[in-house]
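Reading through the structure tokens given below for one structure.
Side chains included, hydrogens not; waters and symmetry mates left out as well; all remaining heavy atoms used. Values in this document were obtained by computation on a predicted structure and should not be read as measured data. Quick note on labels: first sequence line is chain A, next is B, and so on, each numbered from 1.
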2 protein chains.
Amino acid sequence: MQSKPTTIKEIARILNISPSSVSRGLHDHPSIGAVTREKIKQLAKSLNYEPNNAAILFQKGKTYTIGVILPELSEHFFSTAISAIEDEALKKNYTVIFAQSHDNYEQEVKLVEKMKNQRVDGLLVSISKDTSKFDHFEKLNSFNIPVVFFDRIPPFKNVHYVACSLESATVKAVNYLLKKGHRSIGMINGPNTLYASDERKDGYMQAITFNRLKVDPSLIINCDLTEQGTIEAANQFLNHKRRPTAIVAFNDYVALFLIKYFKKLNVIDEFDVVSYANLPIISYLDHTPVASVEQYPYLQGQKAANILLDLINSPNAETQAYYNTIVESDLIINNVEE
Amino acid sequence: MQSKPTTIKEIARILNISPSSVSRGLHDHPSIGAVTREKIKQLAKSLNYEPNNAAILFQKGKTYTIGVILPELSEHFFSTAISAIEDEALKKNYTVIFAQSHDNYEQEVKLVEKMKNQRVDGLLVSISKDTSKFDHFEKLNSFNIPVVFFDRIPPFKNVHYVACSLESATVKAVNYLLKKGHRSIGMINGPNTLYASDERKDGYMQAITFNRLKVDPSLIINCDLTEQGTIEAANQFLNHKRRPTAIVAFNDYVALFLIKYFKKLNVIDEFDVVSYANLPIISYLDHTPVASVEQYPYLQGQKAANILLDLINSPNAETQAYYNTIVESDLIINNVEE
DNA sequence: CGAAATTAATCAAACGTTTGCGTGTTTTTT
DNA sequence: AAAAAACACGCAAACGTTTGATTAATTTCG
């Protein structure tokens with residue numbers, strides 16, 4: 001039963017015509033007569049002919065494959081994004097290969113190399129936490145492999161990227177809290193090295209200032225994002241002379257730790273928490289954040305994929321301007337039932 | 001800057017030797033002298049030579065690629081499994097391409113076809129919910145593409161698979177509840193069409209019977225796994241003449257709905273819930289399941305990937321016995337703090 | 001010292017498909 | 001009826017790499 005797949009040559013031999021005619025016939029090339037074309041197609045069908053992709057790819061020098069490199073596939077945000085990427089790629093008949101950097105710079109460099117060897121037509125990347133050099137991506141330019149960054153993007157504009165505006169989302173979040181009557185709002189921010197921390201801080205300050213209030217820097221606490229770090233930050237808030245009544249948490253994990261700790265101290269009712277969505281089921285908690293910044297991973301993935309496919313199929317990629325796409329994030333108000 | 005990638009031919013031309021020698025030199029073939037070999041390697045390095053994968057794959061008729069088809073990538077279980085698969089594949093220098101069936105049979109058939117066209121060396125599959133025919137997989141046999149199923153497997157033994165023994169896990173779960181003193185234990189099971197429902201039911205009955213108790217069939221309720229369905233099941237338990245004090249939920253989603261509903265009715269303290277792990281953060285809930293059946297997605301993915309790679313590289317795949325691997329699932333007791 | 005063995009490299013074919021160019025045959029145009 | 005156009009197909013090269021067969025040069029050994 002070990003059937004070798006049917007080839008064009010085989011069909012040509014049986015029909016006593018040339019392989020080129022078979023190829024053209026199958027592609028509805030005008031220079032092949034209708035009769036011959038039908039004969040070819042019929043035989044191809046009955047022999048279960050399937051084009052040998054490897055051969056075509058090789059011949060065309062294109063792989064119809066896009067690579068995706070991201071930190072951790074099992075994080076909900078990324079698995080949703082890649083799900084979108086795959087869906088978009090499939091529509092245009094592209095294949096997706098992916099790899100995880102596990103937030104490790106060296107691994108990321110290796111993977112970029114591997115993707116290049118695989119001759120992907122383009123690359124989608126969400127950079128690892130400890131990536132601060134970007135040479136490995138620049139190398140791809142000379143091979144004419146376009147790169148689109150998404151969500152975790154490098155801190156400069158002369159690349160293609162899709163990302164969420166955390167700044168404007170943070171403005172919305174703080175505005176919401178102010179409108180609810182809060183006058184002292186704390187923020188548990190990430191390490192200063194993260195670009196995402198800057199954005200949150202800027203948004204926070206912008207909202208406060210815009211409302212003609214004064215920013216109290218001691219209400220913005222940097223945190224290593226661990227449970228222990230969160231607890232320390234919480235303690236600082238609890239002992240603060242202007243003890244805040246609302247807190248903006250860096251992400252859902254931090255919010256989770258925070259809420260857990262506040263519940264333990266029985267002060268949870270004295271705080272409103274706003275967070276950035278990572279965990280799909282966080283709204284099922286008893287004490288949930290009053291609002292969440294939704295970052296639309298599916299949409300980001302979709303946009304990034306489409307931009308990449310555009311770039312791949314645009315002839316004059318050289319002279320092209322950089323896509324700097326911002327996905328507006330929204331503040332989702334959790335209507336707490338009870 | 002548009003550098004065309006260096007080829008073996010190019011190196012050969014510069015060194016005035018034949019391409020075959022270059023190829024052999026790069027592969028440390030014994031019939032190339034040490035001097036020439038070094039010259040070749042040096043030049044290759046300085047020209048940044050990278051083998052053209054597409055050409056090699058084409059030439060060898062192998063793609064060093066494994067395909068993965070699963071229902072929904074954004075589900076935590078699957079994203080963890082595929083994360084493992086990717087890690088294993090990378091170790092052996094294989095590439096992973098994947099696609100989602102979105103639990104749709106027709107889509108699955110299409111994807112299998114596409115994977116075949118891509119000439120994957122092997123396929124890992126977790127079948128879609130409404131797949132009951134398996135011809136599309138059998139077709140792969142004649143192309144000598146091995147298939148390993150994982151987690152969601154077909155209901156027969158003459159295929160390779162890796163799966164969790166939900167039956168024995170359910171036995172453990174029910175035993176645990178019995179040991180805690182529960183005498184009336186309800187089960188919210190899935191639709192009867194699912195193999196997974198059978199396993200749970202069998203495990204339940206086995207544990208009850210083994211403990212010399214009588215199975216009350218009305219305590220096993222089939223449910224469509226929606227929130228509404230869960231509520232209906234809950235109501236049946238609440239009105240049951242032998243009202244259960246513990247409930248085995250089909251999965252974490254069902255458990256979530258159930259706990260939410262019980263909390264609303266203020267009867268949550270009258271029930272112990274056991275569930276099957278899908279949601280990583282469910283243990284952060286206020287009222288969490290007292291125990292969870294852990295199905296080790298990472299381990300399953302790992303094993304499935306390794307089996308597939310074995311099959312791909314075993315010369316006499318024909319005569320091979322079928323791998324039927326069962327991953328023991330464990331009952332994780334949640335030590336509730338308060 | 002001549003035959004055999006070893007070493008070092010080359011040649012050419014092959015993998016399956018596509019595509020520019022050429023060629024013979026038929027049809028259309030003037 | 002001759003020239004032009006349209007049609008239908010074949011030829012051959014090309015993509016980059018690998019590999020079995022072959023050759024030429026050198027070394028080894030009886």
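- Between A/E38 atom CD and D/dA8 atom C1' there is a gap of 15 Å when expressed in whole angstrom units.
- Contact check, B/K9 against D/dC15: a side-chain N or O comes under 4.0 Å of OP1 or OP2.
- What separates CD1 of B/I32 from P of C/dC11 is a distance of 13 Å, to the nearest Å.
- Toward the 5′ end of DNA chain C lies the nearest nucleotide of B/V35, the other residue of the pair B/V35 and A/N52 mapping further downstream.
- The distance between atom CD1 of B/I40 and atom P of C/dA8, rounded to the nearest whole Å, is 12 Å.
- Note: CG (A/D28) to C1' (C/dT18) measures 15 Å, nearest angstrom.
- In this structure, the CG atom of A/N16 is 13 Å from the P atom of D/dC9, given to the nearest Å.
- The pair B/E10-B/R13 counts as a salt bridge, with a side-chain nitrogen and a carboxylate oxygen less than 4.0 angstrom apart.
- Rounding to whole angstrom units, CD1 of residue A/I56 and P of C/dT19 are separated by 10 Å.
- Note on B/G61: nothing from the nucleic acid sits closer than 4.0 angstrom, heavy atoms only.
- Minimum atom distance to the side chain of B/Q59 is reached by C/dC15, of the listed C/dT18, C/dC15, C/dT10.
- In the set D/dG10, D/dG16, D/dT18, the nucleotide with an atom closest to the side chain of A/S21 is D/dG10.
- A stacking contact between B/F58 and D/dT17 is absent: the pair does not combine a ring-centre distance of less than 5.5 Å to the base's six-membered ring with planes differing by less than 30°.
- Within the 4.0 Å cut-off from OP1 or OP2 of D/dT18, at least one side-chain nitrogen or oxygen of B/S23 is found.
- Between the CG atom of A/L26 and the C1' atom of C/dT18 there is a distance of 12 Å, given to the nearest Å.
- One N or O donor and one acceptor, one from the side chain of B/S20 and one from the base of C/dC11, sit under 3.5 Å apart.
- Interface remark: the A/R24 side chain does not form any donor-acceptor pair with the C/dT17 base, using a distance-only criterion of under 3.5 Å.
- Ion pairing between A/E50 and B/R119 fails under the 4.0 Å rule for side-chain N and carboxylate O.
- Judged purely by atom type and a 3.5 angstrom limit, A/R152 has no side-chain atom pairing as donor or acceptor with the backbone of A/S126.
- Annotation: cation-pi geometry satisfied between A/K62 and A/Y64 (NZ/CZ under 6.0 angstrom from ring centroid, within 45° of ring axis).
- Of the listed nucleotides (C/dG16, D/dC9, C/dA8), D/dC9 has the atom at the smallest distance from the side chain of A/T36.
- Put simply, the side chain of B/T65 does not reach to within 4.5 Å of the side chain of B/V96, judged on heavy atoms.
- Taking atom NZ on B/K62 and atom C1' on D/dT17, their separation rounds to 16 Å, with Å as the unit.
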